[in-house]
Undergrad: 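Encoded as structure tokens, here's the structure I'll be asking about.
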Amino acid sequence: MTGIGVLRLPRDVRLGFGQRHAVPALATGFGSRIAVVADPFLAATPEFREIVAAMEAAGARTLVVTDVPAELPVPAVVAAADTVRDFAPDVIVGYGGGSALDAAKVVALLTSHPGPVDAYYGENAVPGPVVPLIAVPTTAGTGSEVTPVAVVSDPGREMKVGISSPWLIPTIAIVDPELTLAAPRGVTTHSGIDAFVHAVESFTAAPLDIGHDAVIPVFVGRNDLTDAVSLQAAGLIFRALPRVLDEPGDREARADMAHGSLLAGMAFGAAGTHLSHAIQYPVGALTHTPHGLGTGALLPYVLQACRDVVPDRLAQLGQALGLDAGGDLADRAQSAVDAVADLCARIGLPVSLTELGVTPAYRDRIVELALQSRRLIGISPVPADVQVVGAIVDAAIAGDRAALRSVPTHP
Ligand SMILES: NC(=O)c1ccc[n+]([C@@H]2O[C@H](COP(=O)([O-])OP(=O)(O)OC[C@H]3O[C@@H](n4cnc5c(N)ncnc54)[C@H](O)[C@@H]3O)[C@@H](O)[C@H]2O)c1
Ligand SMILES: [Fe+2]
């Protein structure tokens, strides 16, 4: 127990097979001008066309924007926002994976407030409400349908950059596992393990002292309202992810993944994530590898470094993963770390950063850039300085957790 609780959510969250059928009526409830920001591949699917046709049949005018590339380069997002602003929408629907949902968030922001977009980078820089947003994810998933963050690529910056504000939380989230059934193996693996990392990092993040001001940090660390949500998410994804990879048409496992990634988004949307994310950002920028591939590959190393600092949290995590609850605390914590490493191996993630293309020449730059993600570093369970982050990166490059069993930590 931390004695504090923070949870921020859309005003309407729905989960279940077929829930997408509610989207047209929910959207027209805001007015008759509906902009849709969609992934280009998914915009061609019958499920998507049916939603747009139903909106039009209800008398709405629709504008479908599909030309924002997955990495969300700022110029493309700004161009999409210009088109959408001219259309003057009553509501924006985001439809696709995390990329399309993040694009919809930034389009909503720039439709409602003047640019430049870099005025909103970082935390709490969005000045007020944005156009209502309905988020419909097709991956399980980033959790972006419930989170206060969108990530863009700014050509002037080495790493992707986040815009984090409670004003970016979608008004409505509609999570229909049916939409994830055709997701390819790579997308299922990377978005699925990233959701697991969200669950585990939100459960282990250090709690911040948030005081009593109206404006508090967007990400406040673990707290009494997110803990149970994180643990349930971790358990669901731990069991379901190998199953959806073995049998992509397993509807029950797909539903559990959608459920788990949604819960993980709810938890990390308030608690935040920490070192796997801080280290992945430079790794992703240097190697051009998917976000979840990096966060997943790094998680066992990060947890190993945290084992002696938060053994009780890791033991609780182990219990949520279905591990034996008996024995010494340190052993239970280690079993949880080993179980996470086993999951990563079982779903085919690389064991070392070397397999992602990280050479020792990148090492110092990765450590330096990781430490610049101050909001992530600030809620790391293990106080993260150049020595600790360096030890994690060294171990992850070597593909060997042994050296992290005695990471130098500060009192
Ligand atoms: N805002 C947040 O809270 C948050 C959290 C984590 C990650 N992210 C961001 O999300 C992005 C990754 O999102 P993602 O992993 O959901 O993937 P994505 O949206 O980048 O999509 C990846 C690919 O999968 C395809 N795809 C998506 N759903 C599909 C489906 N159901 N069937 C077939 N193909 C499908 C897309 O067409 C695309 O080619 C990253 O840019 C990351 O930075 C955001
Ligand atoms: Fe992530």
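Position 1 is the first residue of the sequence; numbering continues from there. Values below: every heavy atom of this structure, side chains too, minus hydrogens, waters and symmetry copies. Every number for a ligand or one of its atoms is a count from 1 in the order of the listing.
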Undergrad: Return yes if a side-chain donor-acceptor contact under 3.5 Å exists between K105 and S165, otherwise no.
TA: no
Undergrad: Measure H198 to ligand 1 on non-hydrogen atoms and call it side chain, backbone, both or neither using the 4.0 Å cut-off.
TA: side chain
Undergrad: Do me a favour and list the nearest non-hydrogen protein atom to atom 3 (O) of ligand 1 with residue, atom name and distance?
TA: T147 OG1, 2.7 Å
Undergrad: What is the nearest protein non-hydrogen atom to atom 15 (O) of ligand 1, stated with its residue, atom name and distance?
TA: S191 CB, 3.5 Å
Undergrad: Could you tell me which atoms of ligand 1, counted from 1 in the order shown, lie closer than 4.0 angstrom to a heavy atom of F268?
TA: 3 (O), 5 (C)
Undergrad: Select the closest option to atom 4 (C) of ligand 1 among L181, T188, T142, judged by heavy-atom distance.
TA: T142
Undergrad: For a quick test of reading the model, state the closest non-hydrogen atom pair linking V68 to A76 and the distance between them.
TA: CG2-O, 4.2 Å
Undergrad: So, at under 2.8 Å, which protein N, O or S atoms would a careful student list around the Fe ion (ligand 2)?
TA: D194 OD1, D194 OD2, H198 NE2, H277 NE2, H291 NE2
Undergrad: Could you check whether E178 pairs with R251 (Lys NZ or Arg NE/NH1/NH2 to Asp/Glu carboxylate O, under 4.0 Å)?
TA: yes
Undergrad: Could you report the tightest heavy-atom contact between I193 and G292, atom names first, then the distance?
TA: CG2-O, 3.3 Å
Undergrad: Tell me which protein heavy atom sits closest to atom 22 (C) of ligand 1, plus the residue, atom name and distance to 0.1 Å.
TA: V187 CG2, 4.1 Å
Undergrad: Looking at every heavy atom in both I379 and L208, which two are closest together, and how far apart are they?
TA: CG2-CG, 3.7 Å
Undergrad: Are R313 and D227 ion-paired here, with the side-chain N under 4.0 Å from a carboxylate O?
TA: yes
Undergrad: Can you name the closest pair of heavy atoms from L298 and A396 and give their distance?
TA: CD2-CB, 3.9 Å
Undergrad: Would you please classify the geometry between the F268 ring and the H277 ring as parallel, tilted or perpendicular, with 30° and 60° separating the classes?
TA: parallel
Undergrad: Just so I know, are the side chains of I172 and R11 near enough to count as touching, which here means a heavy-atom distance under 4.5 Å?
TA: yes
Undergrad: Are a donor atom and an acceptor atom from the side chains of H190 and D194 found within less than 3.5 Å of each other?
TA: no
Undergrad: A side-chain contact here means heavy atoms from C-beta on lying under 4.5 Å apart; do S164 and R375 qualify?
TA: yes
Undergrad: Is V149 close to ligand 1, meaning an N/O of one under 3.5 Å from an N/O of the other?
TA: yes
Undergrad: Taking only heavy atoms of G97, which atoms of ligand 1 are found under 4.0 Å from at least one of them?
TA: 16 (O), 19 (O)
Undergrad: Which pair of non-hydrogen atoms, one from P89 and one from T111, has the smallest distance, and what is that distance?
TA: CD-CG2, 4.1 Å
Undergrad: Where does H190 meet ligand 1, judged by heavy-atom distances below 4.0 Å: at the side chain, the backbone, both, or neither?
TA: neither
Undergrad: Output the list of atoms in ligand 1 that are nearer than 4.0 Å to some heavy atom of A182, sorted by atom number.
TA: 32 (N), 33 (C)
Undergrad: Would a 4.0 Å cut-off, counted as strictly less than, catch a protein heavy atom around atom 13 (O) of ligand 1?
TA: yes
Undergrad: We want to know whether Q280 and T295 form a side-chain donor-acceptor pair, criterion being a heavy-atom distance below 3.5 angstrom.
TA: no
Undergrad: Number the atoms of ligand 1 from 1 as they appear, then name those within less than 4.0 Å of a heavy atom of F41, with their elements.
TA: 33 (C), 34 (N), 37 (O)
Undergrad: Any idea which of V151, D194, T273 brings a heavy atom closest to atom 6 (C) of ligand 1?
TA: D194
Undergrad: Can you tell me which residue and heavy atom of the protein come closest to atom 27 (C) of ligand 1, and the distance to 0.1 Å?
TA: T139 CG2, 3.5 Å
Undergrad: Considering only heavy atoms, which of E178, K160, E71 lies nearest to atom 41 (O) of ligand 1?
TA: K160
Undergrad: Are R243 and M257 side-chain neighbours, meaning at least one heavy-atom pair lies under 4.5 Å?
TA: no
Undergrad: Can you check whether a protein heavy atom sits less than 4.0 angstrom from atom 43 (O) of ligand 1?
TA: yes
Undergrad: Tell me the contacting part of Y95 for ligand 1: side chain, backbone, both, or neither, using a 4.0 Å heavy-atom threshold, strictly below.
TA: neither
Undergrad: Can you tell which of D39, V146, L42, D102 gets a heavy atom nearest to atom 30 (C) of ligand 1?
TA: L42
Undergrad: I163 versus Y120: any side-chain heavy-atom pair under 4.5 Å?
TA: yes
Undergrad: Please identify which atoms of ligand 1 are closer than 4.0 Å to at least one heavy atom of P184.
TA: 33 (C), 34 (N)
Undergrad: Would you check if V197 and S276 make a side-chain contact, meaning some heavy-atom pair closer than 4.5 Å?
TA: yes
Undergrad: Any N or O on L179 sitting closer than 3.5 Å to an N or O of ligand 1?
TA: yes
Undergrad: Note the single closest protein heavy atom to atom 28 (N) of ligand 1, along with its residue, its atom name and the distance in Å.
TA: T138 OG1, 2.9 Å
Undergrad: If every non-hydrogen atom of S373 is compared with every non-hydrogen atom of A278, which pair is closest and at what distance?
TA: CB-CB, 4.2 Å
Undergrad: May I ask you to identify the nearest protein heavy atom to atom 20 (O) of ligand 1, giving residue, atom name and distance to one decimal place in Å?
TA: S99 OG, 2.5 Å
Undergrad: Which residue supplies the protein heavy atom nearest to atom 17 (O) of ligand 1, what is that atom called, and how far is it?
TA: G98 N, 4.1 Å
